[in-house]
Amino acid sequence: MDNRYDVIIIGTGAGGGTLAYHLAPSGKRIMLLERGGYLPREKDNWESRAVFVESKYRAKETWYDKDGKPFSPGIQYYVGGNTKVYGAALLRFREQDFGEVRHHGGISPAWPLSYHDFEPYYTKAEHLYHVHGQHGVDPTEGPASGPYLYPPVSHEPRIQELFDDFRRLGHHPFPLPLGILLDEAEGKALHSSACVRCAAFDGFPCLVNGKADAQVICVDPALEHTNVELLTGACVERLETDASGRVVTKVVVTRKGSVEEYSADIVVVACGAVNSAALLLRSANEKHPAGLANSSDVVGRHYMRHNCSAFMAISKDPNPTVFQKTLGLNDFYFRSDDWEYPLGEIQMLGKTDGEMLKGEAPGWAVWKPEFALDFMAEHSIDFWLQSEDLPDPNNRVTINPDGKIVLNIQETNLEGHKRLAAKLKAMLTEIGCHDQLMSRSLYLGKSIPIAGTAHQAGTVRFGRDPKTSVLDLNCKAHDLDNLYVVDASFFVSIAAVNPSLTIMANALRVGDHLLERLGSA
Ligand SMILES: Cc1cc2nc3c(=O)[nH]c(=O)nc-3n(C[C@H](O)[C@H](O)[C@H](O)COP(=O)(O)OP(=O)(O)OC[C@H]3O[C@@H](n4cnc5c(N)ncnc54)[C@H](O)[C@@H]3O)c2cc1C
Ligand code: SF4
């Protein structure tokens, strides 16, 4: 077998999958190495018990906290990566997020590139991932060079009522931009639509491939090109370099119990922020004693994952909404009327059902009999609150002597998040929507906070200075000539919007650079 390629991409999620799609038409020989397989298509894809309670699709893996305590991370290993289960809320960073932002808990640092450098790629990524939305409604949004190709997903009556109520209070709710293969009329999916507008949108895999995930949108179409290959069940253990330490010469893989080696002119790591850092650290050698590409000692540091919470408001009236995740609100993104610092973003969540609540058995459920949990789920309106956490060099990924992943986290910048929850509560009270706001913990693997790894980012940051960053502006390692990292690792800060659109846009941006380097631009 000829194991030499022009490009090897390790990982097929938002970063790796999107890059593969962009490079595929070049005709270059491209190999995708993915540790997972295809996510099985089965009825359990849409069963809350299987997905949320039994965590059927979560990786069976143990990571450790700084004290050596084991935990099960909220992470999935499949073709398409974590986008197989994501909520597909695909938002741009705000223009200001690329500059320095002063938070109550400290400074969110400036990126080395601006919103305008990313803008054309945001538009391309929105088009590629079938984002349904409407620019110009959310006042915090930056300029867009082109409209979304698809109209916003329509609100069901209860969410439209909420939208109207928020407007009445003087707020600016907006249709949440969603990556979804939905064609609808009068709130119903058309017969030609892949998505059937069911209740299983957020955190579930899609049984009918109606979600715009990296497998459906990018990896499968890339594989239609005969120059692109995919190897599943291929876990990359380490990267080896030549004697100079400047060139990755071997990608060492375990597959079906044996070790295989691959090589390429260009090697792209896209394993997700935690695993990409872990792979570089595991690949330490004589020329790179602190880990590959780690002369700065920055690899693994500045781990971020958002400060987030899920809440359910128990409304007096039942909430029969099926597809609930259609509304967002950024009015407290930068400040509030009574505070000068950023609070964060409010979004709807997928609809809670009784199974989720029973499985979650949250602290407050001990005094609720089961039928009450069903009743509560029927009356709930569910929200996702997301605020910026700050890049702290001590929040980091390391490897223990057994080669296992260790995460060290100290929560940062929590005050804004608490205030965001208080704002939501006040708004809901004002519109008479609830008498109780209860916190949810199961979504995104947050049953213990450290396991909430869904929005992991920042561990292999990019920048101009090789002393303070691992990657240059093209996401090539400063220390090597042919190593790139193209996933959430490159983030300098995480803003308060969901990360995937920025990961996808960046993959397209780096893809343009790689096409030029390969002589295929
Ligand atoms: C429940 C849930 C809901 C979410 N909702 C949203 C949302 O609404 N909007 C949003 O923007 N984001 C959302 N996210 C986050 C989003 O899924 C991630 O930000 C995104 O997938 C990260 O992209 P990535 O390329 O960095 O990594 P991933 O998508 O995780 O891809 C990494 C890939 O690398 C593979 N891999 C890892 N290690 C190795 C190795 N050693 N060898 C070979 N392959 C390897 C993995 O199997 C995986 O396929 C959600 C995540 C979860 C879990
Ligand atoms: S809402 Fe659409 S995309 Fe989501 S799981 Fe149902 S059919 Fe799939």
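For reference, positions follow the sequence shown, starting with 1. In listed order, ligands and their atoms are each counted from 1.
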Under 4.0 Å from any heavy atom of [X], which atoms of ligand 1 are there?
{"X": "Asn275", "result": "37 (C), 38 (N)"}
{"X": "Ala270", "result": "32 (C), 33 (C), 34 (O)"}
{"X": "Tyr77", "result": "46 (C), 47 (O)"}
{"X": "Ile503", "result": "19 (O), 22 (C), 23 (O)"}

So does [Y] get a backbone contact from the side chain of [X], meaning a donor-acceptor N/O pair under 3.5 Å?
{"X": "His306", "Y": "Ala495", "value": "yes"}
{"X": "Asn330", "Y": "Thr140", "value": "no"}
{"X": "Lys56", "Y": "Arg49", "value": "no"}

Sub-4.0 Å heavy-atom contact, [X] with ligand 1:
{"X": "Ala234", "result": "yes"}
{"X": "Gln456", "result": "no"}
{"X": "Thr12", "result": "yes"}

Shortest reach to [atom] by a heavy atom, considering only [options]:
{"atom": "atom 21 (O) of ligand 1", "options": "Asn82, Val79, Leu32", "value": "Asn82"}
{"atom": "atom 37 (C) of ligand 1", "options": "Ala14, Gly11, Cys271", "value": "Cys271"}
{"atom": "atom 51 (C) of ligand 1", "options": "Gly272, Gly81, Ala454, Gly350", "value": "Ala454"}

Give me the nearest non-hydrogen protein atom to [atom] as residue plus atom name, then the distance to 0.1 Å.
{"atom": "atom 4 (Fe) of ligand 2", "value": "Phe201 CD1, 2.9 Å"}
{"atom": "atom 2 (Fe) of ligand 2", "value": "Cys195 SG, 2.3 Å"}
{"atom": "atom 8 (Fe) of ligand 2", "value": "Cys206 SG, 2.2 Å"}

Give a yes or no on whether a salt bridge exists between Arg29 and Asp6, defined as a side-chain N under 4.0 angstrom from a carboxylate O.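 Looking at Arg29 and Asp6, the cut-off is not met.
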Answer yes or no: is there an ion pair linking Lys351 with Glu378, defined by an N-O contact shorter than 4.0 Å? no
Would you sort out whether Glu411 and Arg305 count as a salt bridge (Lys or Arg N to Asp or Glu O under 4.0 Å), showing the intermediate values? CA-CA 10 Å; Glu411 291 184 310; Arg305 46 85 193 259; 3.4 Å; yes
Within less than 2.8 Å of atom 2 (Fe) of ligand 2, any N, O or S from Cys198? no
What verdict does the salt bridge (Lys or Arg N to Asp or Glu O under 4.0 Å) test give for Asp265 and Arg4, after you've listed the backbone C-alpha separation in whole Å, the side-chain angles of each residue and the deciding distance to 0.1 Å? CA-CA 8 Å; Asp265 293 346; Arg4 173 97 202 154; 2.4 Å; yes
At a 4.0 Å threshold, what atoms of ligand 2 neighbour a non-hydrogen atom of [X]?
{"X": "Gly210", "value": "3 (S)"}
{"X": "Val208", "value": "7 (S)"}
{"X": "Val196", "value": "2 (Fe), 7 (S)"}
{"X": "Phe323", "value": "1 (S)"}

Is it possible for you to check whether Arg92 lies under 6.0 Å from the centre of the six-membered ring of Phe118, through NZ or CZ, and within 45° of that ring's axis?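 Pair Arg92/Phe118 does not count as cation-pi.
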Aromatic plane relationship, Trp111 with Phe490 - under 30° parallel, 30 to 60° tilted, over 60° perpendicular: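 Aromatic pair Phe490/Trp111 classed perpendicular.
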One pair to check against side-chain contact (heavy atoms from CB on, under 4.5 Å): Leu483 and Leu280. What are the steps and the verdict? CA-CA 10 Å; Leu483 176 66; Leu280 298 183; 4.0 Å; yes
Heavy-atom distances under 4.0 Å are what count here, so tell me which part of Leu207 touches ligand 2: side chain, backbone, both or neither.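 Contact part for Leu207 vs ligand 2: neither.
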Does the side chain of Thr18 pick up a donor-acceptor pair with the side chain of Tyr129 at under 3.5 Å? yes
